Every structure is written in C-alpha cells, then in structure tokens.
S.K.: 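Please see the structure below; I have some questions.
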Amino acid sequence: MARAKRSVEKESFWRSVIEEFAASGLSVRTFCGREGLSEASFYAWRRTLAARDAEKPPELIPVDVVAPSARRVAERKGVVAGDLELTTPAGFTLR
C-alpha cells in the first residue's frame, strides 16, 4: 500500500498543537477537550512526529578554526601541537 502524501500544513498544525500542549500543564484528555481535538488524533500525530524527528540526522555543531597565533597560546596551556580540541556551545570539550 502506498504511503499518503505528507501535508506540510497538517504537520505544522500538529507540531504547534503538541508544543501548546507541552506548555499547558494539562492532561491530554483535558487539553484535547478544551481545544476540540480528538485524543486519538493527538496521540497518533505525537507518535508520527516523534518518529519523523528521530529520522532526522543530528545537527551540526559550529567549529572555530584556531589561527596559528592562537595555537601558540594553546601550546602554553599544555595542548600539544597537532592535538585537536573541540568545545561545544554547551561547554563540553573533546580533546
């Protein structure tokens, strides 16, 4: 059986609904009742979107290339020339 064509509008709608739900602090039943949504549709779309998000490749992390003058500073800090050090925006360092 062929897959149904994806609707960008529906996906966008349900992403915003799920985001609103997460911020609401309500149960699924209460939230869906208040918004006039089917609980079954809510659960199905939440599962579908989670699966789609899991298929996405991981995000790339920006990398700064250290200039030769900065390399000398790094060597003074104990980093051996030729070593590679990566620091993530979250503050994690990989050497």
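Position 1 is the first residue of the sequence; numbering continues from there. Hydrogens, waters and symmetry mates play no part in the numbers below; they use all other heavy atoms, side chains included. Remember, predicted model here, so these are calculated numbers, not experimental data.
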S.K.: Locate the shortest heavy-atom distance separating Ile18 from Arg46; write the atom from each residue and the value.
M.R.: CD1-CA, 3.5 Å
S.K.: Closest approach of Cys32 and Ser38, non-hydrogen atoms and distance?
M.R.: SG-O, 4.2 Å
S.K.: Between Ser16 (side chain) and Phe13 (backbone), is there a donor-acceptor pair under 3.5 Å?
M.R.: yes
S.K.: Can Glu11 and Arg15 be counted as an ion pair, charged N to O under 4.0 angstrom?
M.R.: yes
S.K.: Hey, is CZ on Arg34 packed in by over 12 heavy atoms from elsewhere, all under 6.0 Å?
M.R.: yes
S.K.: Please report the C-alpha distance between Glu35 and Val17 in whole Å, then the side-chain angles of each, then the deciding distance to 0.1 Å, and finally whether the side-chain contact (heavy atoms from CB on, under 4.5 Å) criterion is met.
M.R.: CA-CA 9 Å; Glu35 299 296 319; Val17 165; over 6 Å; no
S.K.: For Ala44, is there any backbone N or O sitting under 3.5 Å from a side-chain donor or acceptor partner on Thr48?
M.R.: yes
S.K.: Look up atom CH2 in Trp45 and atom CZ in Arg52, then write down how far apart they are to the nearest 0.5 Å.
M.R.: 5.0 Å
S.K.: Would you call the rings of Phe42 and Phe21 parallel, tilted or perpendicular, taking 30° and 60° as the class edges?
M.R.: perpendicular
